[in-house]
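Below is one structure, written out as structure tokens; comments come after it.
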Amino acid sequence: MLTLEKRDRIRSNVRQFTGTLPDGSNSDLLVNAFDEIMEEVVMVESEKASTSEIKLLIVEMREGFKRVDNRFESMQHQMDQRFNSLQWFMGISLTVLALLITLFGYLKPPITADMLEKAIISGIEKAKIK
């Protein structure tokens, strides 16, 4: 990093160098160019992020990605558990329903010819009344 002391020391070295140049040369132009370059360097150094800050940012991003991955995995596991419980509930419910239908099929009273004849006669009589 370019400190103020380093900058002043370099500036004095440049001024000493320009003092050794012949009088006809444009030594002031060289000093001005140097000052502009130093100002630009200071601006660039102030704008650039240090490598430790970038490393910290990368570490924070990785930790964030790990947290998101863990959360996704836990949610996925919960959904599989919910789906499995729903699947078991539906299977047991359908089995019970099938057993009840079968059981009531065997328990209903048999239809005899007399019962069928009475049902047909009552249906015909109701139809005549209407």
Side-chain angles (χ1 to χ4, degrees):
M1 185 167 161
L2 188 64
T3 62
L4 188 60
E5 294 173 1
K6 283 182 183 179
R7 204 166 89 188
D8 290 337
R9 189 177 59 218
I10 293 171
R11 182 178 284 134
S12 68
N13 288 341
V14 169
R15 288 187 191 272
Q16 284 177 355
F17 172 74
T18 56
T20 61
L21 294 176
D23 290 336
S25 66
N26 293 329
S27 61
D28 290 336
L29 292 176
L30 180 62
V31 172
N32 289 339
F34 169 75
D35 286 338
E36 289 178 11
I37 291 172
M38 291 304 285
E39 288 176 13
E40 192 70 27
V41 168
V42 168
M43 285 177 46
V44 168
E45 282 187 349
S46 67
E47 290 177 359
K48 77 174 184 178
S50 69
T51 56
S52 61
E53 291 174 351
I54 293 174
K55 287 180 183 178
L56 287 174
L57 182 63
I58 291 172
V59 168
E60 289 176 8
M61 288 177 62
R62 285 182 181 165
E63 289 174 358
F65 287 140
K66 286 179 184 177
R67 285 193 303 266
V68 169
D69 286 345
N70 290 338
R71 183 175 169 209
F72 176 73
E73 288 174 3
S74 68
M75 288 182 72
Q76 186 178 17
H77 183 69
Q78 288 175 356
M79 288 187 64
D80 290 345
Q81 286 178 342
R82 288 180 186 171
F83 182 75
N84 285 339
S85 62
L86 180 65
Q87 184 179 7
W88 276 101
F89 176 74
M90 287 175 60
I92 291 171
S93 299
L94 288 175
T95 302
V96 169
L97 184 62
L99 288 174
L100 288 175
I101 290 172
T102 304
L103 181 66
F104 286 126
Y106 285 120
L107 293 179
K108 70 177 181 178
I111 297 177
T112 61
D114 292 335
M115 292 172 68
L116 186 59
E117 185 179 335
K118 286 181 185 178
I120 292 173
I121 291 173
S122 93
I124 293 172
E125 289 175 355
K126 287 181 183 178
K128 286 182 182 179
I129 293 174
K130 289 185 181 180

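Since this is a predicted model, take the numbers as computed values, not measurements.
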The reported gap from CE in Met38 to NZ in Lys6 (rounded to nearest 0.5 angstrom) is 10.0 Å
Let me confirm one number: the CG-CG distance from Asp8 to Asn13, rounded to the nearest 0.5 Å. 11.0 Å
Contacts of Glu63 meeting side-chain hydrogen bond (donor to acceptor under 3.5 Å, both in side chains) (sequence neighbours excluded), chain-then-number -> none
Sequence neighbours excluded, which residues qualify as side-chain contact (heavy atoms from CB on, under 4.5 Å) partners of Ser85? none
side-chain contact (heavy atoms from CB on, under 4.5 Å) involving Leu116 - partner list, sequence neighbours excluded: Ile111, Ile120
If I take atom CG from residue Leu107 and atom OG1 from residue Thr102, how far apart are they, to the nearest 0.5 angstrom? 10.5 Å
When rounded to the nearest 0.5 angstrom, what is the spacing between CD1 in Ile129 and CD1 in Ile124? 12.5 Å
Val96: which residues meet the side-chain contact (heavy atoms from CB on, under 4.5 Å) condition with it, sequence neighbours left out? Ile92, Leu100
Scan residues 65-80 for pairs that pass side chain to side chain donor-acceptor pair (under 3.5 Å), counting only residues two or more places apart or in two chains. His77-Gln81
In this structure, CE of Met115 is separated from NZ of Lys118 (nearest 0.5 Å) by 8.5 Å
Output for pair (Asn84 CG, Trp88 CH2), nearest 0.5 Å, gives 9.5 Å
Residues forming a side-chain hydrogen bond (donor to acceptor under 3.5 Å, both in side chains) with Asp35, sequence neighbours excluded: Arg11
